[in-house]
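Here's the structure, in structure tokens; my notes come after.
Being a predicted model, the structure only gives us computed values, none of them experimental. Residue numbering restarts at 1 for every chain, and letters A, B, ... go by the order of the sequence lines.
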Number of protein chains: 2
Amino acid sequence: MEIKVAKSAGFCWGVKRAVNMAVEALEKDGRAYCLGELIHNRREIERLRKLGMDFIEDMDAVKKGDTVVIRSHGVAPSVIEFLKGRGARVVDATCPFVKDVHEKAMKLEREGYPVLILGNPKHPEVIGIAGHLKEPIIASTVEEVEALPKMPRLGVVCQTTLNLNFFKEAISLLALKVKELKVYNTICSATSIRQRETRKLAGQVDVMLIIGGKNSSNTTKLYQISKSVNPRSYHVESKDEIDPAWFEGAKSVGITAGASTPAWVIDEVVQFVKDLGKGGVLSGRGVCQTAGGEL
Amino acid sequence: MEIKVAKSAGFCWGVKRAVNMAVEALEKDGRAYCLGELIHNRREIERLRKLGMDFIEDMDAVKKGDTVVIRSHGVAPSVIEFLKGRGARVVDATCPFVKDVHEKAMKLEREGYPVLILGNPKHPEVIGIAGHLKEPIIASTVEEVEALPKMPRLGVVCQTTLNLNFFKEAISLLALKVKELKVYNTICSATSIRQRETRKLAGQVDVMLIIGGKNSSNTTKLYQISKSVNPRSYHVESKDEIDPAWFEGAKSVGITAGASTPAWVIDEVVQFVKDLGKGGVLSGRGVCQTAGGEL
């Protein structure tokens, strides 16, 4: 069985950077808080917890002298102010691409545009972007964009992991509603490349595995894209969730992973599928035996 | 037979204004040149010719003291300069909505954006807009937009009579290619309203008549829109081109007209179709007799 791993699978640059910054802070200070999950990946979270990281949702726990890591998604300026006011040491691991969205959104507001954020209003990145604006408008579905009124001017930024097709459709709808439309395409190139590569790979293989947290927005989007091209697409968090029956009759398997999936989790899945291909695991589990040789 | 005439049929405000300005100039000066056809309608052109208007393509004929009318489509600033240099009296009947496109295009250029004009590069309005820019880019088809390279910044304006669907598609493609996209939707509301009303009317009637010059860009677009909704759509310049056979079995007829179609041409067509409905013309021509009563 041929295994094709997407070149763009796994940690993006911003996530790698945030994990490195968190590990450095832990090495320096022994322990640190992180506001929310550093990345949407349970196994990586467990690893960091063992290194001394405490993941908190409520900032009330933070006291003077504590180290607090801001994850790659970023936060509203008021959060940083609050933490500094408490006397905490803030390690701001906000992805520079997300910081760029903050700056562009504020620039649009300064230029007098009402600002629309295309993205999930519950996603921390979008909450962080909105926190930089006076009166943000947020839309996450085509219906919400359609429901917007006609406007003389509008500025647009988007969640860095937005689905490209939604972005395209939203902008085409806005072009007719808005007389002067200024759009910053802030979908980060890692996201675009990963989505495009997933779509292509899904069309070339018999089975697709998409690895990443079930609560990871960008992984879920990769899964949706893959599924739309190849019905034999499966979203797993780790090798333990893989059902050998999925590979029955398959001659090729494509593997990709979200931006928050560590390399070692991907490696484990690749190795597991390789072992399946050798027939060992398959016959051992008594599944798919007829196809054993071929796999 | 029911006849429905689109409310938005015929002369738009800018064309009405240009014709009035031309007639005033003729009343004042006795004769005047017009650069190109004042409007794309042969019968109106004939009427103006009788009033003393001379339609020219070559400006070499212009001498000191001549009156020259600039039609609603507008021209490049170099044309006005040339005419003034010759000592001509220039009556600038450029539609104020087109002047607004010139201003927006120049503003984008001043702001450092490469400027894309969405429109037909051979249309005088687009030639006029392009004449206001140092390095205009022009695209008139989806293929041309797709062929544009990725760009960090791009400003967009469009021909005031652009097809709404092309505009929408072009902008959605550009949103993915361009990091910072500033779009002025300069499709004039008369055009949008006329196109929307045509699409709606075409879906409600058995036969559609679209009146206007065969060389009129906006009329041709109305015809294409109508035809896509209702295969029994016909583009005519006047009542003389109507074939009574088109109405066989029809219970309703929709009528619309391009921005350059005078009211009297529309009235003639409406009267002609009414007479068909009474059966007079139909039976007289010996066409469609079986349906005569019903029509």
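In this structure, the portion of B:Ile187 lying under 4.5 Å from any heavy atom of chain A is its backbone and not its side chain. Of the two parts of A:Tyr184, the backbone and the side chain both hold a non-hydrogen atom closer than 4.5 Å to a non-hydrogen atom of chain B. Heavy atoms closer than 4.5 Å to chain A are found in the backbone of B:Val178, but not in its side chain.
In terms of heavy-atom pairs under 4.5 Å with chain A, the best-connected choice from B:Ala175, B:Gly155, B:Ala170 is B:Ala175.
Using a 4.5 Å cut-off between non-hydrogen atoms, no part of residues 205-222 of chain A approaches chain B.
Taking OG of B:Ser172 as the start and CG of A:Asn165 as the end, the distance is 9.5 Å to the nearest 0.5 Å. One finds the NZ atom of B:Lys150 at 8.5 Å from the OG atom of A:Ser189 (value rounded to the nearest 0.5 Å). A:Lys182 NZ to B:Glu180 CD: the interatomic distance, rounded to the nearest 0.5 Å, is 4.5 Å.
Taking the side chain as every heavy atom from C-beta outward, B:Lys168 and A:Leu173 approach each other to under 4.5 Å. For the pair A:Leu181/B:Asn185, no side-chain contact is recorded, criterion being any heavy-atom separation below 4.5 Å from C-beta on.
Counting non-hydrogen atoms of neighbouring residues, nucleotides and ligands closer than 6.0 angstrom, the CZ atom of B:Phe97 reaches no more than 12 such neighbours.
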